[in-house]
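Okay, so here's the structure we're looking at.
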Amino acid sequence: MSSSSPTKAAHEHAVLLNSIADGANQYPKPEHVNYTYGTAGFRTLATKLPSVLFRVGLLAVLRSKRLEGATIGIMVTASHNPEPDNGVKLVDPSGEMLDPSWEPHATTLSNCPSTESLISTFTTLANHLRVDLHQPANIVYARDTRPSGPELIKALETGLRVFGDSVKINDLGVTTTPILHYVVKATNDKTAEYGVPTKEGYNAKMAKAFTTLIGNKGPLAPLYVDCANGVGAVALKDFTDALGDLLPVHPLNTATTTQGALNHMCGADFVKTKQALPPSVHSSGVLSKPGSRACSFDGDADRIVFYYLNEEKANFRLLDGDKIAVMVAMFLVDLVVKAKLDEEHRLKVGVVQTAYANGSSTKYLTSRNIPVTCVSTGVKHLHHAAQRYDIGVYFEANGHGTVLFSDSAIKALKAASPQSPDAANAIKNLLAFSELINQAVGDALSDMLLVEAVLAHRGWGASDWDAGYEDLPNRLVKVEVPDRSIFVATDAERKLTNPPGLQEKIEEVMRKYEMGRSFVRPSGTEDCVRVYAEAKTNSEAENLALAITDLVRFASGQS
Ligand SMILES: CC(=O)N[C@H]1[C@@H](OP(=O)(O)O)O[C@H](CO)[C@@H](O)[C@@H]1O
Ligand SMILES: [Mg+2]
């Protein structure tokens with residue numbers, strides 16, 4: 001579009017509104033559905049989402065135009081949720097989640113009941129946000145393997161195309177959430193240092209960093225990877241083709257086109273919540289060989305958990321996000337010490353957790369003088385808190401996390417003049433880790449390589465890694481309540497301020513259990529309240545969870 005004359009501009013604006021109306025009429029909003037852009041964007045049954053996708057397309061273009069054509073990402077996925085669900089979230093130019101101040105705009109647009117109200121809300125929004133509609137826009141999008149993906153992408157593309165030639169689109173096809181984040185970040189990186197903004201660029205960058213880190217320590221022991229029958233299977237295949245035989249990867253649960261298979265009885269969420277092997281991994285027998293370890297991705301490959309069978313009793317042992325954070329933070333602290341940077345450049349390594357982190361992990365870190373910050377659930381909170389350290393390690397217990405290196409940390413490492421070959425080696429490795437680890441978002445594939453690289457450097461197997469600390473037995477319970485909005489949490493969601501009096505009751509019950517800790521918060525992604533409980537023994541954790549669940553039911557009017 002050009003703005004050569006006021007009449008022409010008015011005409012172009014009218015044409016735009018007409019084409020929005022045409023598109024909107026193809027994708028009417030279903031009645032009686034109320035959408036919210038939450039922690040993970042929009043997420044619900046896929047059949048309810050076409051109108052949302054069309055409107056998200058409009059919003060993404062507004063955001064890109066507002067940011068002078070910076071590339072905005074759109075990911076169509078419902079992660080670990082069941083196959084009939086789907087979802088969509090926006091990615092900001094830095095590769096981070098959409099700026100929270102724009103979340104309400106997404107919610108407002110998606111809830112306009114008619115084409116007319118959509119047009120008027122769009123116009124108001126564009127004015128209010130001071131978007132110059134003549135600016136160009138750049139959008140990159142991708143989807144996971146869900147069967148509903150192609151239809152939803154069509155709706156999204158209809159939303160993008162109403163702007164005509166002013167919008168450039170880059171369709172990454174079927175790929176993981178973290179690869180989409182990587183491409184967004186790399187595309188917007190003016191220095192072109194982050195990497196080539198393609199899937200191939202991602203694979204090449206990681207293969208190079210991993211090769212630097214493993215050197216002649218490879219080939220490593222075989223690793224079994226449960227891909228949750230999702231997009232991780234596709235990405236893993238592409239990556240291992242690029243890597244060669246340094247890490248012999250054996251993918252499991254790769255049935256990406258089998259109906260109903262996605263996340264079904266497998267994947268990181270299954271393993272973490274059931275605290276058990278996926279039956280398919282169990283029956284494959286791959287873990288019965290002593291020293292074997294495996295990991296599970298979730299449906300869009302942004303989470304990972306590891307596990308193995310302990311040798312004496314063949315008991316299942318989970319190595320979750322907390323175990324990853326602890327091992328990685330301890331290792332990076334050691335590398336920083338070895339790097340012997342000058343006092344003024346000494347890098348501060350810190351860990352960010354949520355209230356779901358196992359109490360033993362927090363205790364282990366703090367007793368070793370590693371600073372720990374606790375923040376509210378949701379990656380955006382962790383990510384921002386991690387940015388306050390030179391090297392910020394953040395993981396949710398469920399396996400979603402990464403390690404952020406600040407710009408000044410990278411500068412200090414690049415400028416350092418090492419005093420010894422050991423120091424030079426530590427600096428080289430720290431820089432290689434900063435390349436290997438996805439700087440935009442938690443990434444199962446990158447985290448898998450991170451864990452394997454640390455294990456290789458330590459000379460550890462899974463049981464050595466596990467030996468650091470013993471998790472407190474814990475339970476996570478989903479409680480369905482008539483109205484979860486009455487539950488209001490504070491203090492990084494460790495306490496409730498509402499319903500009145502409930503927090504005192506929770507604490508009274510908690511005190512009865514040795515090492516008991518419990519908290520209640522409304523979910524940001526599902527219509528439920530979550531109860532977390534941990535205590536010294538399994539049965540105490542179970543009983544504490546039951547007692548707190550009863551309190552929650554009672555407080556919400558159920559008996
Ligand atoms: C206990 C738990 O695992 N909560 C998950 C879940 O959030 P809830 O707000 O608890 O529904 O989904 C989020 C998005 O994927 C993830 O960040 C978070 O860790
Ligand atoms: Mg996920």
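All figures in this text were calculated on a predicted structure; none of them were measured in a lab. Just so you know, ligand 1 is whichever comes first in the structure, and atom 1 is the first atom listed for that ligand. Along the sequence shown, residues are numbered consecutively beginning with 1.
Atom NE2 of His282 is surrounded by 12 or fewer heavy atoms from other residues, nucleotides or ligands within 6.0 Å.
When hydrogens are left out, the protein atom nearest atom 5 (C) of ligand 1 is Asn398 ND2, 3.9 Å; that is the closest non-hydrogen contact. The protein heavy atom nearest to atom 15 (O) of ligand 1 is Arg303 NH2, 4.0 Å.
For Asp300 atom OD1 and Asp298 atom OD2, the angle they make at the Mg ion (ligand 2) is roughly 90°, to 10 degrees.
Between Asp189 and Lys185 no salt bridge is recorded (no basic side-chain N to carboxylate O distance below 4.0 Å). Between Arg293 and Glu452 there is a salt bridge, since at least one side-chain N of the basic residue sits less than 4.0 Å from a carboxylate O of the acidic one. Under the 4.0 Å criterion applied to side-chain N and carboxylate O atoms, Lys323 and Asp471 are not assigned as salt-bridge partners.
Among the atoms of Gly524, some N or O lies under 3.5 angstrom from an N or O of ligand 1. Among the atoms of Arg521, some N or O lies under 3.5 angstrom from an N or O of ligand 1. Considering backbone and side-chain N/O of Glu396, one or more are found under 3.5 Å from N/O of ligand 1. Considering backbone and side-chain N/O atoms, Thr525 comes within less than 3.5 Å of an N/O atom of ligand 1. Between Glu526 and ligand 1, no N or O atom pair is found at a separation short of 3.5 Å.
Applying the salt bridge (charged side-chain N to carboxylate O under 4.0 Å, His left out) test to pairs two or more places apart or on separate chains, those with a residue in residues 377-386 are Glu103-Lys380.
The closest donor-acceptor contact from the side chain of Thr256 to the backbone of Gly230 lies at 3.5 Å or more, if one exists at all.
Within the coordination shell of the Mg ion (ligand 2), defined by N, O or S atoms under 2.8 Å, Ser79 is present.
When all heavy atoms of Ala228 and Cys266 are compared, the pair lying nearest together is CA-SG, 3.6 Å.
The shortest heavy-atom distance from Arg530 to ligand 1 is under 4.0 Å.
Considering just the N/O/S atoms of Asp302, the one nearest the Mg ion (ligand 2) carries the name OD1.
Every side chain to side chain donor-acceptor pair (under 3.5 Å) that Lys154 has, sequence neighbours left out, goes to Glu151.
For the side-chain hydrogen bond (donor to acceptor under 3.5 Å, both in side chains) criterion with Tyr356, the lone passing option out of Glu493, Lys272, Arg521, Glu534 is Arg521.
Heavy-atom proximity to Ser523, at under 4.0 Å, picks out these atoms of ligand 1: 8 (P), 9 (O), 11 (O).
Contact annotation for Tyr356 and ligand 1: only side-chain heavy atoms (C-beta onward) come within less than 4.0 Å of the ligand.
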